[in-house]
Amino acid sequence: MDRKQFLQNSLILGGAAMLPVNSVFAAGVSENGIDKLVDKDGNFIQQALPYSEDFLEPKMDAETMKLHYTFHHGGAVKAANSDLRKIREALDSNSLETVDFWTKKLAFHFSSHVLHSIYWTNLTNKLNSPSGELQKRIEKNFGSYDNLKTYIEATSKNIDGNGWGILGYQPYADSLTILQCENHEKLTQWGVIPILVIDVWEHAYYLKYKNKRADFVDAIFDLINWDNVAQRLDIALRLTK
Ligand code: MN3
């Protein structure tokens with residue numbers, strides 16, 4: 001897909017998370033670079049975690065990981081499929097009284113699926129740091145890695161209610177940008193491709209960190225898989241050239 005096509009698609013689809021099908025969801029660095037979120041029939045599917053549930057201990061405990069992956073991410077995938085069915089049923093029977101409700105629900109649940117799928121691959125248990133093109137662009141757009149760290153940590157800690165701190169690539173401006181996303185789908189810029197996402201919903205930390213969201217954000221920063229973030233940037237750049 002060339003840049004023009006991408007921009008057209010993103011205009012039609014809209015949303016930080018609504019990307020052309022089979023596009024930019026990079027998996028682990030050893031895999032083929034595509035996260036598969038739908039099956040051949042267009043049903044949403046949840047991939048296996050890229051590691052065991054205790055892989056990120058002690059900073060992210062296994063029980064939180066299990067509940068989060070199984071019931072929160074898994075629940076969103078089931079709900080997104082149900083939302084899609086409700087919309088199709090409404091269209092088929094030409095009874096559109098509830099179609100706006102299910103459209104909002106689909107935006108919420110599918111965005112949750114997209115962000116959680118990115119989230120698991122964004123994490124690892126070895127301390128590392130950005131390099132190459134990612135590092136260059138961080139310095140160009142934020143001044144320094146420390147500035148980015150300060151910015152995304154503050155943004156993540158200060159979200160009103162549940163949400164996500166997001167670093168994304170904005171193809172319209174050819175720049176990295178930070179989003180302070182509420183719930184899973186609010187406060188986006190159209191077109192942004194998420195490359196690093198930090199889940200600050202209470203379910204992401206409450207068992208271990210209780211009400212100390214800031215402590216969780218500080219801890220999770222040591223778990224970021226910058227190779228995965230770099231791979232996602234690389235794919236986003238290639239897609240939108
Ligand atoms: Mn979550």
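Atoms within a ligand are numbered from 1 in the order they appear, just like the ligands themselves.
Taking the Mn ion (ligand 1) as the corner point, the angle from H116 atom NE2 to H68 atom NE2 is about 90° (rounded to 10 degrees).
Within the 2.8 Å limit, H72 places no N, O or S atom next to the Mn ion (ligand 1). Not one N/O/S atom of H73, from backbone or side chain, sits under 2.8 Å from the Mn ion (ligand 1).
Rounded to the nearest 0.5 angstrom, T103 OG1 and D100 CG are separated by 7.0 Å.
Environment of NZ in K186: sparse, with no more than 12 heavy atoms of neighbouring residues, nucleotides or ligands closer than 6.0 Å.
Seen from the ring of F221, K149 counts as a face-on cation partner, given the 6.0 Å and 45° thresholds.
With ring centers used as reference points, H68 lies 6.0 Å or more from H73.
If you look at H203 and ask which of its N, O or S atoms sits nearest the Mn ion (ligand 1), the answer is NE2. Nearest to the Mn ion (ligand 1), among the N, O or S atoms that D199 has, is OD2.
A ring pair (Phe, Tyr, Trp, His ring centres under 6.0 Å) with Y119 holds for exactly one of W164, W201, Y69; it is W164.
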